[in-house]
Amino acid sequence: MLKSLTTTLLKNRPLKLSVTALSLSVAALAPQIAAAETFPDRPVSMVVSYSPGGATDFQARIVTMLAANEKYLGQPMVILNKPGAGGKIGWDAFASKAKNNGYELAAYNVPHFIAQSIVFKTKYNINNLEPVANWGADPAVLIVGKDSPFNTLQDLLDYAKDNPAKVTFSGAGLYVGHHIAFLQLAKASGLKLTYVPHKGGTPAMKSVMGGQVKAGFNNLSDAFRNQDRVKILAVADLQRNEKFLPNVPTFKEQGLDIDDSSVNFRGIMAPKGTSPEVLDYLAKRVPTMFEDAKTLKKMDSAGSPVRVIPRDEVISMWKEREAYLKDLLADLKK
Amino acid sequence: MLAKRLTALGGLVLAIVLLNLGLDVEYGQEAYFFPNLITYFLCLFAVILLVNEGQLLKLLKSTASFLWRWFFGIVGEGNPGRWPEIVQLIPMFLLLCFYLYFADILGLYFCSLITFFFITVIYTPVRPRSASLLKNALISLAFISVIYLVFSVLLQLQTPSALLI
Amino acid sequence: MLEFLQYLPEVFTPLNFLVLVLGTVGGLILGATPGLSPTMAVALLIPFTFQMEPATGLILLGAAYTATVAGGAVSAILLSIPGAPANIATTLDGNPLAKQGKATAALHYCFIASFIGGVIGVLVLIFFTPTLSDWALGFGPSHLFWVAILGVTVIGSLGSGSVIKGLFAGFVGLWVSTIGYDPVLGVERFNYSEHLGGGINIIAALVGLFAIPQVLSMLTGQQDAANVTKFAMESQSVLQSIKETLIRWKALVIGSVIGTIIGLIPGAGGQIAGLVSYDQTKKMSRNKEKFGKGEPAGVIAAESANNAMVGPSLVPLLTLSVPGSPTAAVLLGGLLIHGLFPGPALFTENGPIVWTFINSLLVGQLLMCIFGIAISRYSRFVMDIPEYYMAAGITVLAVFGTYSVQNSFSDVFVMMGLGITMFFAAKIGFSPSPVVLGIILGPIAETNFLQGQIIAEVGDGMVPYFFGGALNITLVAIVLLSIFYSVYSERKTKRKQLEALIQSHEQNTAGGQ
């Protein structure tokens, strides 16, 4: 009785003021009961740590557009942009301030946030965040300009062998997927290469197209769209991308030991301490929302590769990534 | 003349402080190359200002008295009949502190309403102030309603969840 | 070439035209609000275009882009608070004009110049897109570095009075821009508070530096009788304004050309277009001393430049998916959401949508001009509002505008801190425009210098990289010319002043005898 009273009152926004005291006392008495059975009874927010219009932002908007559907959450999801410092600002604020009631979620980018939590003094790491589900995976690809003399990965590596450190690679900043892929390439080939960090994927792509750098790592989706200006030499993933680039081989096929550690995984997460009931509820319903035909169609037309991964697998994926990145980045610091 | 000299000196002090900040770092020295380059330029400009705009000798003599007068806004042809500027602005600064501190506790729209109302009440030149209280309140309410319409309804800005809206 | 005409009727279907009109009027109002920049307006509108047809959605975004750029001039002229970084140069002469009671005329000049510059920009977009996109790609780190340095040379001439003071303020701005994460090495610099972690946001700085000192001086009631709000408004016929704008064709040409070129360069940030062309117009003008005191040519140059930038900033966006301005970067997201992939294929595969969009930009310029001029007539009502209401309103708007940029209270704190500091700095003769320009140019100069350094060190070395090639040499030559000319004209004015001083002194002594 009391519970239903609070919920009806809380739904009514203008009444919020008068109910504050009441709901506060109720919330103190029975925090869990109200949460589990009626969740969600108001809109759910999701922090995106990148600016509006960026790849993560518009993909997040597409995959959450059906949240209000009764089949899924029954409540809309509202995107909150908190960009800055390569995502650190948004994630820092999320990890330190978000309430763990299930109404405050965030989008994650692996390996970005894991690498940052290793290199910088951040308030977040994989232990104080809980994945809900993964919606997309955008592998890094190796690109060169259309007029570049290199036609295969081997051409590039041969040149790099004769000209140590002279091959410049562009990428979207430090400790992001592109940088990880570059580090892996340098490690696997044993060659001296030069990385030029850019302020995001688009400027990095421009530098390759304009010939300011000799090569670059970029998102598969962006490279796919710009194929008339760049040549794609290799994909940094475990298998080829059959849908968009069936003819581009992986690094592994070309004899270099580079796995999928640099793949840019995007998904939804909640702060640590969110009740298991709420997490279960989200983990069950959110993936089906990602797989809705409408969402898939829109993602496809936006050229964004979808890879839905359930919560359990994301948890182990995060752990593997952290262990691997700690190793890779420790080499770098020497 | 004195004001100009003080400005230049202040500039020099600022440049040296900034340079110090940039030189005294724990790690990542190479990242401070650019900011430090800028502060060298700042020092240069401050010195030019100093040389250009006045002799240094008479400086210290009147510095203290000038600082005192400048701080209370009684420099130049000020109006002696009025409160010094800094005193006039004290309520405003207090209001701003209240506004920024409570905005994410009490709610952005509510705090804006209070701030708007008090600015208009405190700085109304009409006496007695009480007569215009109701009018000010109505205008504040109308203004915040428009703000609410534009930002919350039209642009769907998300404000932090607080006690009120 | 003329296939765009074939899609012109599409713009006038009832729904599209309605969206265009609403977008234009809304954009003018949003743009006139301090703190709501074009970039923000477009970003905030993108979710709305979700439900619309692609063409209609893009028309809304395009109209908002065009109109907010022009709308920012309204508050720049009336209140001396630029609506967006692009309008900083407009305050320099627009506000003095308004103080002389010529606010209506100033707004007319501004909208007419915006219209002419805007149309030239869109025509460049329509006819030269394929030719220019390759040219835009050629800009590498070394070239962008020189473009930023060109901007730095402008800083000196923006100071009120002394060049050195202007430079000092500008370099303080440059230093402020280095707070936060280093763009290339990823080191956290000067981060003494969690509010500084994200660096200094340009919009927060703009609002703080311009709006807050204005509010504080309104409240101290220090302004004399001829102050901002209590001036008489003379009305001027539109025809007269058109005539007076066209007489100053030199400013129009300089503004449009520089705006177009800067808009094309990806990463230069169209925000400096207005300032650079203002500076050039001033240098080439015969009566330099009138600039900064209400010279219509200043308003015309600044406004034609910042609207001329709109069309060309889409050239690299539509053909290469490389945005030419921060707003164009947000538009890219708007295009992708609708499944429109920029690239040469865009014009063949989605021709109807793209051409309708470009046409709407053209028609939007006209609507912006008409509605803008219509609004200018009512600007006197803004002027009648008592100062204390104005101050309260601007305070609240500044907080909302800054907060909404990235949903962050840290930005609001930074805005207030910078604003209150600026209020005191203004008392000892520093002006806000050089500081903001420094904050804009800092990251461009630094990022490109460091990237260039990395590339040069493994390549041919610093000197050949930064000074080699026709484009580098041209840019360096422009920079040197700009510096020499500043020094030369400064000396000339000094000598003139000295002569005048001696003369008056002689007269005084003569009179005394």
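Labels below follow one simple rule: chain letters A, B, ... track the order of the sequence lines, proteins then strands, and each chain is numbered from 1. Please read all numbers here as calculations on a predicted model, not as lab measurements.
If you measure heavy-atom distances from Val215(C) to chain B, the contacts under 4.5 Å come from the side chain alone. Neither the backbone nor the side chain of Leu113(B) has a heavy atom closer than 4.5 Å to any heavy atom of chain C. Of the two parts of Phe33(B), only the side chain, counted from C-beta on, holds a non-hydrogen atom closer than 4.5 Å to a non-hydrogen atom of chain C. Neither the backbone nor the side chain of Leu44(B) has a heavy atom closer than 4.5 Å to any heavy atom of chain C. Heavy atoms of Ile147(B) lying under 4.5 Å from chain C belong exclusively to its side chain. If you measure heavy-atom distances from Tyr99(B) to chain C, the contacts under 4.5 Å come from the side chain alone. Only the side chain of Phe409(C) has a heavy atom closer than 4.5 Å to any heavy atom of chain B. Looking at Leu95(B), there are no atoms closer than 4.5 Å to chain C (heavy atoms on both sides), in backbone or side chain.
Residues in residues 409-423 of chain C take part in these side chain to side chain donor-acceptor pair (under 3.5 Å) pairs, two or more places apart or across chains: His195(C)-Ser410(C), Gln406(C)-Asp411(C).
Between Phe93(B) and Phe424(C), the ring planes lie tilted relative to each other; the angle falls in the 30° to 60° range.
In terms of modelled atom types and a separation under 3.5 Å, the side chain of Thr220(C) and the main chain of Leu216(C) share a donor-acceptor contact. The closest donor-acceptor contact from the side chain of Thr178(C) to the backbone of Pro35(B) lies at 3.5 Å or more, if one exists at all.
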